[in-house]
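Note that the numbering runs from 1 along the sequence shown for the chain.
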Amino acid sequence: MAFTQLDPPLPVHVVDRGKGCAFAVIDYGQEFDLLWVTAMDDGGEIWCVPNPKVRMQANWSMGRTPGTSGAANVTSLPRTG
C-alpha cells in the first residue's frame, strides 16, 4: 500500500458528489482502483473516491470544458492563425 500526499492539491469533480480538492492518493496495488482522498467543497466532508469517479475540474485555459454530466471532459482549444 502506498499513500501519496499531493503537493499542490488538485481541484477535482467527483461524479454524483460535486467539486472538491484531492490532497492525497491511496494505492492498494494492481487489483484495486486508486483512491483519491478528497475534501468536498460543499460541506467539507472527506471522501476516499475510487478512480473511475474522479474527473479534473473544468479549466478553460487548459482546454477542459464542462461536460453534460457535470464532469470535465478533455477537449482541445481551437487553433489560431
Side-chain angles (χ1 to χ4, degrees):
M1 193 239 355
F3 182 91
T4 303
Q5 182 177 351
L6 301 175
D7 185 22
L10 298 174
V12 296
H13 177 91
V14 178
V15 177
D16 299 327
R17 298 268 184 218
K19 293 180 179 181
C21 188
F23 59 89
V25 176
I26 301 171
D27 184 358
Y28 284 109
Q30 63 189 19
E31 297 293 326
F32 301 93
D33 288 329
L34 292 174
L35 294 177
W36 293 81
V37 184
T38 304
M40 304 306 297
D41 289 351
D42 187 24
E45 295 174 319
I46 306 292
W47 287 92
C48 291
V49 185
N51 199 57
K53 298 287 187 180
V54 176
R55 307 288 186 271
M56 291 298 294
Q57 282 188 18
N59 182 327
W60 181 86
S61 65
M62 297 297 293
R64 289 190 306 269
T65 57
T68 57
S69 66
N73 293 325
V74 176
T75 60
S76 59
L77 291 174
R79 293 183 182 257
T80 58

Notebook entry, point to check: Should Phe3 and Val49 be regarded as members of a common hydrophobic cluster, given that ILVMFWY residues are connected when their side-chain heavy atoms come within less than 4.5 Å of each other, either directly or indirectly?
Noted result: no
Report whether Val54 and Leu6 are members of the same hydrophobic cluster (ILVMFWY, side-chain heavy atoms less than 4.5 Å apart, transitive linking).
yes
What pairs of donor and acceptor atoms, side-chain ones from residues 20-44 against any protein atom, are under 3.5 angstrom apart with sequence neighbours left out?
unit_1	atom_1	unit_2	atom_2	d
Asp27	OD1	Gly29	N	2.8
Trp36	NE1	Asn51	OD1	2.7
Thr38	OG1	Trp36	O	3.2

Between His13 and Gln57 the two heavy atoms that sit nearest each other are N-CG, 3.9 Å
So CD of Glu45 and CZ of Arg17: to nearest 0.5 Å the spacing works out to 7.0 Å
